[in-house]
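Here, residue 1 is the first one in the sequence, and each next residue gets the next number. Note that these values count all heavy atoms, side chains included, but never hydrogens, waters or copies made by symmetry. Ligands are counted one by one from 1 in listed order, and the atoms in each one are counted from 1 as well.
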Amino acid sequence: MLDTDYFDELMVCRLDTGRQQIEPCTIVIFGASGDLTARKLLPALYHLFSQGQLPTPVRIIGFARREKTDAAWREEVRLGIEQFSRTKKVDPAKWPAFAAQLSYCQGEFSDPAAYARLQARLAAFEDVRLQRNRLFYLSTSPLQFAEIAAQLSQAGLLELNPAGPHWQRLVVEKPFGQDLVSARKLNSELTRHAGERQIFRIDHYLGKETVQNILMFRFSNAIFEQLWSRQTVDHVQITFSEKIGVGNRGGFYEEAGVLRDVVQNHLLQVMALVAMEPPVALEPEAIRDEKVRFLKTVRILDPSQVSRHVVRGQYAETLLDGQKRPAYRQEVKVRPDSNVETYAALRLFVDNWRWAGVPFYIRAGKALALSACEVRVQFQSMPNVLFAAQCGPRLDANSITLRLQPNEGITLRFNGKVPGASTTIRPVRMNFSYDAEFGAYTQEAYERLLLEAIAGDPTLFIRCDEVETAWNIMDPIRAGWGATPLTEGEFYPWGCWGPAAANELLATHGREWRNPEP
Ligand SMILES: NC(=O)c1ccc[n+]([C@@H]2O[C@H](COP(=O)([O-])OP(=O)(O)OC[C@H]3O[C@@H](n4cnc5c(N)ncnc54)[C@H](OP(=O)(O)O)[C@@H]3O)[C@@H](O)[C@H]2O)c1
């Protein structure tokens with residue numbers, strides 16, 4: 001029995017009971033033999049199918065360049081599920097029914113004949129809903145998104161704002177653009193063929209339970225909202241750290257860097273959820289409106305001032321635990337003189353009533369001490385009387401940490417008396433752990449996101465103005481760096497928390513980073 005069983009059933013608030021039934025449809029995956037499809041998309045679809053969560057009937061068509069039979073693709077999918085899925089196995093009782101829904105359509109993305117073949121395949125389905133409800137998942141290079149949308153449109157498979165009972169949607173993977181100019185261009189290319197309501201831009205962070213819970217935490221509890229402003233908060237820290245380096249993704253990383261890879265999307269999304277105003281309703285557009293409104297209040301840095309607010313870094317060759325770890329510049333497909341950042345720490349300010357003067361520190365990097373993502377809301381120090389007057393800075397200020405991954409949960413840190421004859425105070429923690437409260441929860445972000453896209457609910461996807469506003473915050477940082485080569489102090493060894501200058505970013509204002517715990 002879980003601890004939660006003692007809660008009265010009446011206290012459980014189900015918000016999606018009135019939700020529309022999801023409709024039968026065909027999911028077409030462009031990039032069917034790609035890494036993401038094998039690691040995430042097909043395992044997610046398999047689990048959803050096994051749990052009876054996909055609509056009935058449903059069909060999944062893989063579209064990619066190489067010639068292969070349906071049977072060969074099914075086998076590839078099965079191996080992918082066994083290697084990458086959260087269960088690491090295929091249930092022999094469920095696999096045949098799932099495999100029967102899969103088929104493969106070979107073609108070049110730029111070849112109209114390939115879309116004619118896809119059209120014929122869809123037309124052959126008996127159920128009109130399988131023919132006409134279409135989810136096109138673009139798991140391809142972003143350079144191919146516009147071409148595929150245009151070809152789908154020319155083939156009559158994708159209509160702009162279709163009327164009537166059937167629907168067509170495009171799900172597009174990240175990165176959405178490289179900067180504001182390219183994101184705008186991509187938005188305009190896609191919206192020529194699909195309305196904004198048909199476009200579902202993925203940020204898989206929004207599919208995470210812990211990220212969704214930020215809104216519940218803030219707006220379904222009266223006690224925290226009272227604390228959530230410049231009146232009580234000293235600053236906010238958002239940390240995204242990875243223990244690994246770029247590995248074999250060097251080619252991709254050379255075009256990205258940590259700002260484009262995680263800060264522009266995942267971390268600005270997390271920041272928006274943590275700091276936005278309450279939406280006027282729980283409708284998708286009301287929530288997205290509020291996120292955009294918040295992002296528009298993030299102060300845009302002047303490129304000439306970037307070095308005062310942003311620290312960049314790149315990992316260097318290191319001997320760690322007796323093993324030699326390569327410098328970023330030594331990784332495969334990385335230029336030996338690359339200045340791409342594998343680490344960034346930012347101090348951002350938000351020019352609105354609630355947050356004026358409260359710095360938001362964001363840091364992200366590879367080859368760091370451990371892998372974690374968390375948000376720490378650091379409250380102001382006590383007034384300098386009573387205990388604080390005696391203890392000075394050793395009396396810890398309170399904080400709330402939202403642990404997004406791993407050890408998912410929320411911790412409130414406050415001071416308490418150490419039992420015993422002496423009067424000693426030290427920080428103690430009140431801890432909510434997802435595992436302890438709910439048991440191990442298993443749904444992966446992509447499972448949730450695929451279901452939402454099939455249901456046509458855009459809440460967990462990024463709207464065009466959201467993506468553009470986020471680039472608008474990031475672009476001046478990259479402009480400030482320009483082509484300036486990295487200096488010695490910007491290199492950091494594996495296994496630490498980034499370059500020393502990142503500590504100075506906080507230390508100059510009497511603050512310090514609080515590192516995630518293992
Ligand atoms: N991989 C990840 O972990 C990850 C994480 C987050 C986001 N993403 C994003 O997801 C998307 C897909 O990434 P990925 O790593 O899965 O890519 P990938 O492994 O390189 O796969 C690309 C796929 O596209 C197909 N393809 C490429 N050019 C084609 C063409 N001209 N005509 C037809 N098919 C073509 C390939 O088919 P063939 O095999 O037949 O050539 C392959 O199925 C990208 O936008 C990426 O940024 C990936």
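Numbered from 1 in the order shown, with element, the atoms of ligand 1 that lie under 4.0 Å from a heavy atom of Pro175 read 47 (O). Taking a cut-off of under 4.0 Å to the non-hydrogen atoms of Ala32, the atoms of ligand 1 that pass are 43 (O). Contact atoms of ligand 1 toward Ser139: 11 (C), 12 (C) (distance under 4.0 Å to a heavy atom of the residue).
At least one heavy atom of Gly107 sits under 4.0 Å from some atom of ligand 1. Within the 4.0 Å heavy-atom shell around ligand 1 one finds Gln144.
Among all non-hydrogen protein atoms, the one lying nearest atom 16 (O) of ligand 1 is Leu36 N, 2.8 Å. Looking from atom 24 (O) of ligand 1 to the surrounding protein, the closest heavy atom is Gly31 CA, 3.5 Å. Protein heavy atom closest to atom 45 (O) of ligand 1, with residue, atom name and distance, is Thr140 O, 2.7 Å. Regarding atom 43 (O) of ligand 1, its nearest protein heavy-atom neighbour is Ser33 OG, 2.7 Å. Counting protein heavy atoms only, atom 47 (O) of ligand 1 is closest to Lys174 O, 2.9 Å. The protein heavy atom nearest to atom 27 (C) of ligand 1 is Arg65 NH2, 3.5 Å. Among all protein heavy atoms, the one lying closest to atom 26 (N) of ligand 1 is Phe109 CE1, 3.6 Å. Nearest protein heavy-atom neighbour of atom 21 (O) of ligand 1: Gly34 CA, 3.2 Å.
Side-chain atoms of Arg134 and Thr26 include no donor-acceptor pair closer than 3.5 Å. Residues Tyr328 and Glu254 have side chains that bring a donor and an acceptor to within less than 3.5 angstrom of each other.
By the 30° and 60° cut-offs, the orientation of the rings of Trp73 relative to Tyr104 is tilted. By the 30° and 60° cut-offs, the orientation of the rings of Tyr205 relative to His266 is parallel. Using bins of under 30°, 30° to 60° and over 60° for the plane-to-plane angle, the ring pair Phe63/Phe30 lands in the tilted bin.
For the atom pair CD of Glu173 and CG of Leu36, the computed distance is 4.5 Å after rounding to the nearest 0.5 Å. Taking CG of Asn161 as the start and CD of Glu196 as the end, the distance is 10.0 Å to the nearest 0.5 Å. Rounding to the nearest 0.5 Å places CZ of Arg121 at 6.0 Å from CD1 of Ile61.
Nearest to atom 2 (C) of ligand 1 by heavy-atom distance, out of Asp35, Ile202, Asp261, Val172, is Asp35.
No N or O atom of Thr37 sits closer than 3.5 Å to an N or O atom of ligand 1. Residue Arg39 has no nitrogen or oxygen atom sitting less than 3.5 Å from a nitrogen or oxygen atom of ligand 1, judged on distance alone.
Contact annotation for Glu173 and ligand 1: only side-chain heavy atoms (C-beta onward) come within less than 4.0 Å of the ligand.
Contact check for Phe136 versus Leu157: side-chain heavy atoms found under the 4.5 Å cut-off.
Atom 37 (O) of ligand 1 is approached by the protein to below 4.0 angstrom, counting heavy atoms only.
Just one of Leu215, Val375, Val211 meets the side chain to side chain contact (heavy atoms under 4.5 Å, CB included) condition when paired with Val274; it is Val375.
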Please test Arg403 against Thr411 for side chain to side chain donor-acceptor pair (under 3.5 Å), starting from the C-alpha separation and ending with a verdict.
CA-CA 8 Å; Arg403 294 189 309 280; Thr411 301; 2.2 Å; yes
